[in-house]
Amino acid sequence: MPASSPILATSLPQKQLTTSSPAGGFRLPPPEKLAILLDRSESVDLVQQIHAAILRHNLYLHPYHPVLNLKLHRAYASHDKIRHSLSLLHTTIDPDLFLFTAAINTASTNGLRDQAFRLYLQLLSSRIVPNEFTLSSILKSCSARSVKLIHTHVIKFGLGLDPYVATGLVDVYALGGDLVSARKVFDRMPERRSIVSCTAMLTCYAKQGDVEAARALFESMLDSDRDIVSWNVMIDAYGQHGFPSEALMLFRELLAEGKPKPDEITAVATLSACSQIGALESGRWIHVLIERSGIRVNVKVCTALIDMYSKCGSLEEAVSVFNDTTRKDIVAWNAMIAGYAMHGYSQEALRLFDEMQGTVGLQPTDITFIGTLQACAHAGLVEEGVRMFESMGQVYGIKPKIEHYGCLVSLLGRAGRLKQAYEIIKNMEIEADSVIWSSLLGSCKLHGDFGLGKEIAEYLIGRNITNSGTYVLLSNIYASVGDYEGVAKVRSLMKEKTIVKEPGVSTIEIDGRVHEFRAGDGNHLQSEEIYTMVRKMSEWIKSSGYVPDTNVVLQDLEKSEKEESLEVHSERLAIAYGLISTKPGSPLRIFKNLRVCSDCHTVTKLISKITGRKIVMRDRNRFHHFVDGSCSCGDFW
DNA sequence: TTAGGGTTAG
């Protein structure tokens with residue numbers, strides 16, 4: 001090559017490259033130097049200039065070009081110029097395995113599955129043999145269907161024992177729920193399975209909710225092998241599949257072992273477990289632990305804290321974390337809006353919604369609207385809620401989902417606009433589910449429209465669109481009008497179809513331990529003291545004029561028997577236990593898995609007045625704050 | 001190059 005060739009030109013400082021032009025007399029640095037510049041490029045401008053220079057100087061004919069091209073690809077990708085990085089492949093004559101693999105990997109990691117597959121097929125038709133990097137890259141784009149094909153390629157090219165490829169296969173099979181194939185691949189892996197492949201298999205069980213299989217695999221891993229990722233997967237598996245107490249127990253085990261050190265993901269998983277059971281004390285303890293142990297407090301940890309404090313009944317602490325969170329993203333805003341909504345602070349939720357858009361400039365998502373619509377529903381802001389619902393599509397281009405319709409139906413139903421709510425359910429594009437029907441049925445009961453209630457319930461039962469809630473509500477409706485024949489009919493129907501009413505469970509956390517109560521429960525160690533307090537409570541409230549609301553009792557019992565059954569509702573047992581085990585004047589926080597019944601609601605108001613305690617009660621739908629004889633829900637829930 | 005996380009109706 002002649003000495004004047006740009007390829008052999010002397011090196012050029014980076015800033016001069018930006019002003020260089022062939023006419024300007026500058027010389028292009030050698031390709032090796034360009035490669036270094038690309039690796040270090042801080043702006044996409046420089047990448048584009050180098051790209052232009054490569055083309056202008058015919059560098060694509062240079063033997064070093066494949067390496068340069070690969071660097072160019074990575075540089076574009078690292079600046080999020082995915083299209084630029086992928087288009088390199090089209091402008092390259094005879095792209096090699098490395099460029100193909102890099103492009104497939106870039107497409108896969110950026111969710112461009114179809115393109116990844118097109119590139120993979122193009123590679124095969126160019127008669128290039130893929131390697132383990134290529135296959136692990138294409139595996140990231142596989143679906144449950146395409147994985148079979150790629151698996152045959154893995155075998156054909158003899159890559160089945162490569163840990164990366166095998167882990168990729170386990171991962172894809174797991175995603176499609178094919179536990180058997182995932183396990184087969186896993187079991188065939190070489191003797192010393194890597195911690196990563198074990199964790200991939202563990203994740204597979206976790207995603208399927210098979211916590212027992214997950215725990216068995218977790219136990220089979222040597223202590224020395226378990227790193228924080230595997231602990232996190234196991235803790236989260238419990239938390240996400242209905243075993244939040246087990247998640248917290250395992251977390252305590254991790255702390256007791258002393259290693260590995262929990263990280264921010266452990267924090268999120270355990271906080272979520274606390275949210276589910278309303279374990280405020282445990283949640284606070286984890287918060288302190290986070291601050292003391294130097295865990296990186298990112299926005300996800302903050303959101304988990306906001307959610308935990310909201311769901312555990314301490315809105316004040318949720319707000320405090322929210323205010324201290326820097327760089328709040330939409331998820332953090334959504335969590336805070338939902339927090340305000342579930343506590344009945346509707347105006348605050350709506351104010352935040354405005355602030356988020358106006359001051360911060362964040363666009364709401366469909367989840368934001370679940371929060372704001374719920375806020376409207378809980379405060380009876382009918383017009384505002386309807387406007388909000390309409391604005392979703394008209395202003396924000398967001399298609400309402402069943403959850404949004406659910407909020408709207410609840411909003412209208414609560415306001416007594418039953419016919420309108422009924423029409424919405426009948427006319428919506430999405431098929432109604434039992435949740436939305438139950439909501440309307442509940443409203444029918446609330447407003448005493450037994451005619452419509454019966455019509456709907458019988459329609460649902462006739463079409464088998466039911467859950468235990470629908471039956472219970474229908475039975476309730478019959479009971480409210482004293483139609484015990486109807487009640488009996490529903491009960492025998494439930495028996496016939498083996499529908500079991502979900503048992504009501506109330507919980508209260510005392511000294512970091514969660515205590516569970518079911519109606520009439522005698523299992524607690526301090527049962528005797530609890531029942532003494534229950535009877536004391538009955539005397540207090542009766543002397544303040546309480547009359548039991550026996551209508552809420554479904555069974556066909558004598559009046560006195562109905563009163564007795566009300567007296568031992570799970571909420572009342574939990575309150576009694578709270579009263580005997582905490583200091584006078586301190587607030588009580590009770591959690592109920594179902595909706596609080598209207599009789600317990602009345603009783604709790606009275607107890608709050610008589611004892612001077614603030615009682616915070618979370619039920620299936622929302623929070624009730626009982627203070628001095630009244631409730632934040634305004635007796636309308 | 002391979003594994004793990006936060007918000008969602010009643």
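First the proteins, then the strands, lettered A, B, ... as listed; each starts at 1. If you're wondering where the values come from, they're calculated on a predicted model, not measured in any experiment.
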Practice item. Decide if the gap between the ring center of A:F389 and the ring center of A:Y405 is smaller than 6.0 angstrom. Key: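 They qualify: ring centres under 6.0 Å apart.
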Out of [options], whichever nucleotide has its closest atom nearest the side chain of [X]:
X	options	result
A:Y164	B:dG6, B:dT8, B:dT2	B:dT2
A:D171	B:dT8, B:dA3, B:dG10	B:dA3
A:N334	B:dT8, B:dT1, B:dT7	B:dT7
A:A335	B:dT2, B:dT7, B:dG10	B:dT7
A:I195	B:dA3, B:dG10, B:dG5	B:dA3
A:E264	B:dA3, B:dG5, B:dG6	B:dG5
A:K401	B:dT8, B:dG5, B:dT1	B:dT8
A:K300	B:dA3, B:dA9, B:dG5	B:dG5
A:V196	B:dG10, B:dG6, B:dT2	B:dT2
A:T303	B:dG10, B:dT8, B:dT7	B:dT7

Remember a base hit wins even if backbone is also touched, and classify [X] as base, sugar-phosphate or nothing at under 4.0 Å, heavy atoms.
X	result
A:D619	nothing
A:V299	base
A:S410	sugar-phosphate
A:A267	nothing
A:V435	base
A:D329	base
A:V170	nothing
A:N105	nothing
A:S438	nothing
A:K328	nothing
A:I402	base

Exercise for review: Indicate yes or no: at least one non-hydrogen side-chain atom of A:Y173 is less than 4.5 angstrom from one of A:C204.
Suggested key: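 They are not in side-chain contact.
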Exercise for review: Indicate whether OP1 or OP2 belonging to B:dT8 is found under 4.0 Å from a side-chain N or O atom of A:K311.
Suggested key: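 For B:dT8, OP1/OP2 do have a side-chain N/O of A:K311 under 4.0 Å.
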Check your understanding: Can you check whether A:Q240 has a side-chain N or O nearer than 4.0 Å to OP1 or OP2 of B:dG5?
Key ->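 No, outside the criterion.
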Review point. Who passes side chain to side chain donor-acceptor pair (under 3.5 Å) against A:D366, sequence neighbours left out?
Key: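 If we apply the side chain to side chain donor-acceptor pair (under 3.5 Å) test to A:D366, skipping adjacent residues, the hits are A:K401.
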**Study point:** For A:R284, all residues meeting side chain to side chain donor-acceptor pair (under 3.5 Å), sequence neighbours excluded
**Key:**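 A:R284 satisfies side chain to side chain donor-acceptor pair (under 3.5 Å) with A:E317 once adjacent residues are dropped.
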Between [N] atom [atom2] and [X] atom [atom1], what is the distance in whole Å?
X	N	atom1	atom2	value
A:N621	B:dT8	CG	C1'	14 Å
A:F623	B:dG10	CZ	C1'	16 Å
A:D307	B:dG6	CG	C1'	8 Å
A:I306	B:dT8	CD1	P	12 Å
A:N131	B:dT2	CG	P	14 Å
A:R226	B:dA3	CZ	P	21 Å
A:D225	B:dA3	CG	P	18 Å
A:F389	B:dA9	CZ	P	15 Å

Should the heavy atoms of other residues, nucleotides or ligands under 6.0 Å from [atom1] of [X] be counted, would the total exceed 12?
X	atom1	answer
A:Y345	OH	no
A:Y396	OH	yes
A:E219	CD	yes

Exercise for review: Examine the base of B:dA9 for any acceptor or donor lying under 3.5 Å from a partner atom in the side chain of A:D366, and report the outcome as yes or no.
Suggested key: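 Side chain to base: no pair present.
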